[in-house]
Amino acid sequence: MTEYQQFLKERDHIDYYIQTGYRIQNIIENLSGAFCLFEKNNSRGERERESIHISTPAGRKYISVKLIQQQNLKPS
């Protein structure tokens, strides 16, 4: 798989979680990429957590942009 195809796969995962109501809670970066934690409250009020590993530079940039957008939309 090319790096671009890998990025498209990572982007699709990120967009899926955001579209289904998850919010980015934590991003931990190291030499092997970024580990992103998403959280949302389900219908019973319980927290659901999902985690993904982002390995491409474009994917890491994309998740950073999404985090900034999420922070800008946060109610004051």
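Because only heavy atoms are used, hydrogens play no part in the values below, and waters and symmetry mates are left out as well, while side chains stay in. Just so it is clear, the structure is predicted and the values come from calculations on it, not from any experiment.
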Check your understanding: Listed by chain and number, what are the ring-ring contact (aromatic ring centres under 6.0 Å, His included) partners of Y16, not counting sequence neighbours?
Key ->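 Per chain and number, Y16 pairs via ring-ring contact (aromatic ring centres under 6.0 Å, His included) with no residue.
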Point to revise | By ring-ring contact (aromatic ring centres under 6.0 Å, His included) - contacts of F38 (at least two apart) | key: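 Partners of F38 by the ring-ring contact (aromatic ring centres under 6.0 Å, His included) criterion, ordered by chain and then number, come out as Y17.
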Rounded to the nearest 0.5 Å, how far does [atom2] of [Y] lie from [atom1] of [X]?
X   : Y   : atom1 : atom2 : answer
I52 : C36 : CD1   : SG    : 5.0 Å
I63 : H13 : CD1   : NE2   : 12.0 Å
Q25 : R49 : CD    : CZ    : 8.0 Å
I68 : I24 : CD1   : CD1   : 10.0 Å
K61 : T56 : NZ    : OG1   : 11.5 Å
R23 : L37 : CZ    : CG    : 12.5 Å

Could I get the full list of side-chain contact (heavy atoms from CB on, under 4.5 Å) partners for [X], not counting sequence neighbours?
X   : answer
T2  : Y4, Q5
S55 : Q6, E10, H53
N42 : R44, E46, E48

Practice item. Is it possible for you to say whether F35 and L67 belong to one hydrophobic cluster, with membership spreading through side-chain heavy-atom contacts below 4.5 Å? Key: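 F35 and L67: separate clusters.
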Review point. Can you tell if the side chain of I54 reaches within under 4.5 Å of the side chain of I14, non-hydrogen atoms only?
Key: yes
All side chain to side chain donor-acceptor pair (under 3.5 Å) counterparts of [X], not counting sequence neighbours:
X   : answer
S32 : N30
R60 : E29
D15 : Y62

Check your understanding: Which atom pair, heavy atoms only, marks the closest approach of G21 to K40?
Key ->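 Scanning both residues completely, I find the closest heavy atoms to be O-CB, 3.4 Å.
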